[in-house]
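Heads up, the thing below is written out as structure tokens.
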Amino acid sequence: MTRHLITSAIPYINGIKHLGNLIGSQLPADLYARYQRARGNEVLFLCATDEHGTPAELAAARAGKPVAQYCAEMHAVQAEIARGFRLSFDHFGRSSSPQNHALTQHFAGKLAENGLIAEVTESQVYSKADGRFLPDRYIEGTCPNCGYDRARGDQCENCTKQLDPTDLIDPRSAISGSTDLEVRETKHLYLRQSKLKDELDAWIDSKTDWPVLTTSIAKKWLHDGEGLRDRGITRDLDWGIPVRKGTEEWPGMEGKVFYVWFDAPIEYIACAAEWAEAGGLPEADWQRWWRTDKGADDVRYTQFMGKDNVPFHTLSFPATIIGSGEPWKLVDHLKSFNYLNYDGGQFSTSQGRGIFMDQALDILPPDYWRWWLLSHAPESSDAEFTWENFQASVNKDLADVLGNFVSRITKFCRSKFGETVPDGGTFGPEEEALIADLTTRTARYAEMMEAMEVRKSAQELRAIWAAGNEYLQTVAPWSTFKTDPQAAAAQTRLALNLVRFYAVLSAPFVPDAAAAMLAGMKSEDASWPDDVPAALAALPPGHGFEVPEVLFAKITDENREAWAERFSGHRD
RNA sequence: GGCGUGGUAGCUCAGUUGGUUAGAGCGAACGACUCAUAAUCGUUAGGUCGGUGGUUCAAGUCCACCUCACGCCA
């Protein structure tokens, strides 16, 4: 038995994520977690909300709520939606947890001890009216280049020129609009990850089985320009983890917090601690997942994320871990995804373009989305969502190939033999051929799932479903019943067993439908079919079942058109 | 401007270290079946593999240049 630690990139707190975010990390991570559990392996699957930083503060202000309360509420909302999509996290934590406070401060302290923290004094724009320093992009003014009057301090959106906040003419706070700004000196901590460049480089080189997407991004950051640059890990904000050196005060850093990108990945570890606490487990229980000196040396750790998150996961977070000098677990495999586009453009949170997770669940059950998104996962390049493709895929794959298979065989049996697995007859060459085919295909499916080849797994699973229809079409029990009822009984018995077999194999993709299929077959045997012939005899003659409700209703043209219209512009 | 990733049948995508007539699903046409959510199964049609040039006995697969899309960075 292998032990799998699996984490999904943690979604930011300020709002509900869209389907592009879902397929980029949480959903494929869930697929893999469910598969590994099904194979009998020990799994700890973690995710959390990423709660610190200016965007959270501003979103809270817009909502007229204290930021802590806002985050607590949004965490609850995201957790509920995650349940709606059947994301099987062992724990859905929060980067604002006490555990993450302690760990983040601990790591900072260790890094400082090891000479990997630099204190740098720099100039930043301070807004007196807002009583805070302003990040570059929260300063607005007139672009000195093109005259656009809403240019941001980091870049002019109109002429795309890169700017410094001090370049702006008539600068003002994007938060309050105040022009009462001044440049002040402030001290910040930098993670000297450049000192670890060679070590990181060698480590990445050793990961020959990672997706090209992952290693090419990491390599670029390592070698571009002057190479890996040091990065600031603190900010002048109220909302965040107070800067401390372990449990000690950090002289000169009073009132400052760690920058989100530093504390967010540490939440992967803290989340395990939260999980243990929530379950009333001792510290050792989570440490055996994370500390190689405390039992984690046989853990296989896999991270899932969108390509925008790759630099943090391949460089910054490993730098934090390696730099601590402590035996924390480093990631073993890093699966990254490209973007999902929506109908010719990008999904956009700010513009409300595309489909958001809550809206998706509003119109269809989670299995529909899980199947389409996973079978079209943006693995080798960006992928595109269109309503036509969604309707066609879901109707064909789920309703026609899988759903209708369950329907046709259970209803056929009910009408000819009753709601009981029929006895009699023996298997002939057709049955042997089907079993041999499924044995091959199941092995290939497992191989693809093991390799996290999401699309190829879906493709193989679909072929496994289709094999059932091919078999029925070939042996035609409705015909043989007239001349040889015993043969028809054997054929029907095998086909009914396929329903349970499909339920087990399909569960990682479509957990609700799988559960309905198992319930319909009145079986609780969801064990992985290591032995395919045996698995196809799990329901013995005389075993009772019920014809399940229609598993997947089809998406009509009217639905499709209405939804395409509804999601074309801004969300309400 | 630099770098990265892509550009393969109408659509969505596979194509291992270069090697026999380039594959799958959907869609289309035709046929079979009638148990089933007008579902299923089979057959067929469809591609000068973004463009040009080069290396090679042989290139979708390597090299150069060009072009388009997307992304990251200056």
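Reminder, nothing fancy here: chain letters follow the sequence lines and each chain counts from 1. Atoms considered below: every heavy atom in the structure, side chains included; atoms not considered: hydrogens, waters and symmetry mates.
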Base-pairing mate for [N] - Watson-Crick or G-U, with both contacts under 3.5 Å:
N     : value
B:C62 : B:G54
B:A29 : B:U43
B:C70 : B:G4
B:A24 : B:U12

Figure out the [atom1]/[atom2] separation between [X] and [N], and round it to whole Å.
X        : N     : atom1 : atom2 : result
A:Trp372 : B:C13 : CH2   : P     : 8 Å
A:Phe390 : B:G25 : CZ    : C1'   : 17 Å
A:Leu398 : B:C26 : CG    : P     : 14 Å
A:Asn338 : B:U12 : CG    : C1'   : 15 Å
A:Asn341 : B:U5  : CG    : P     : 19 Å
A:Asn559 : B:U37 : CG    : P     : 19 Å
A:Asp397 : B:A24 : CG    : C1'   : 13 Å
A:Arg444 : B:A24 : CZ    : P     : 14 Å

Are OP1 or OP2 of B:G6 and a side-chain N or O of A:Lys307 less than 4.0 angstrom apart? no
Looking at B:C26, I'd like to know if its phosphate oxygens (OP1 or OP2) sit under 4.0 Å from a side-chain N or O belonging to A:Arg462. yes
[N] and [M]: how far apart are their [atom1] atoms, nearest whole angstrom?
N     : M     : atom1 : result
B:U17 : B:G60 : C1'   : 16 Å
B:A58 : B:A69 : P     : 35 Å
B:U40 : B:C33 : C1'   : 8 Å
B:U16 : B:G23 : C1'   : 14 Å
B:U61 : B:C3  : C1'   : 24 Å
B:C73 : B:C26 : P     : 41 Å
B:U48 : B:A9  : C1'   : 13 Å

Could you tell me if [Y] and [X] have a donor-acceptor pair between their side chains, going purely by distance under 3.5 Å?
X        : Y        : result
A:Tyr32  : A:His333 : no
A:Glu450 : A:Tyr35  : yes
A:Thr556 : A:Asn559 : yes
A:Trp372 : A:Asn389 : yes
A:Gln26  : A:Asn21  : no

Heavy-atom nearest nucleotide on RNA chain B for A:Ala476 versus A:Lys456: which residue maps closer to 5'? A:Lys456
Would you kindly compare A:Ser407 and A:Glu453 by the position of their nearest RNA chain B nucleotide and give the one closer to the 5′ end? A:Glu453
Heavy atoms under 4.0 Å, any strand shown: does A:Ala383 hit a base, just sugar-phosphate, or nothing? sugar-phosphate
NA contact type, A:Leu472, heavy-atom cut-off 4.0 Å: base, sugar-phosphate, or nothing? nothing
Only one of A:Tyr342, A:Trp563, A:Tyr339 clears ring pair (Phe, Tyr, Trp, His ring centres under 6.0 Å) with A:Phe385; which? A:Tyr342
Please assess A:Arg86 against A:Asp512 for the test salt bridge (Lys or Arg N to Asp or Glu O under 4.0 Å), listing each intermediate value before the final yes or no. CA-CA 8 Å; A:Arg86 310 293 182 258; A:Asp512 286 0; 2.8 Å; yes
Looking at B:U37, B:U12, B:C33, which one has an atom nearest to any side-chain atom of A:His376? B:U12
Just wondering, do A:Trp478 and B:C35 stack (centres under 5.5 Å, planes under 30°)? yes
Got a list of protein N/O to nucleotides 38-40 of chain B N/O distances below 3.5 Å?
unit_1, atom_1, unit_2, atom_2, d
B:A39, OP1, A:Lys554, NZ, 3.2
B:A39, O5', A:Lys554, NZ, 2.9
B:A39, O2', A:Asn404, ND2, 2.4
B:U40, OP1, A:Lys396, NZ, 2.6
B:U40, OP2, A:Lys396, NZ, 3.3
B:U40, O2', A:Arg408, NH1, 2.9
B:U40, O2', A:Gln473, OE1, 3.0
B:U40, O2, A:Gln473, OE1, 3.2
B:U40, O2, A:Gln473, NE2, 3.0

Taking syn as a glycosidic torsion within 90° of 0 and anything else as anti, which one is B:G51? anti
So CZ of A:Phe501 and CG of A:Leu539: to nearest 0.5 Å the spacing works out to 12.5 Å
Heavy atoms, side chains only, cut-off 4.5 Å: are A:Pro55 and A:Tyr138 in contact? yes
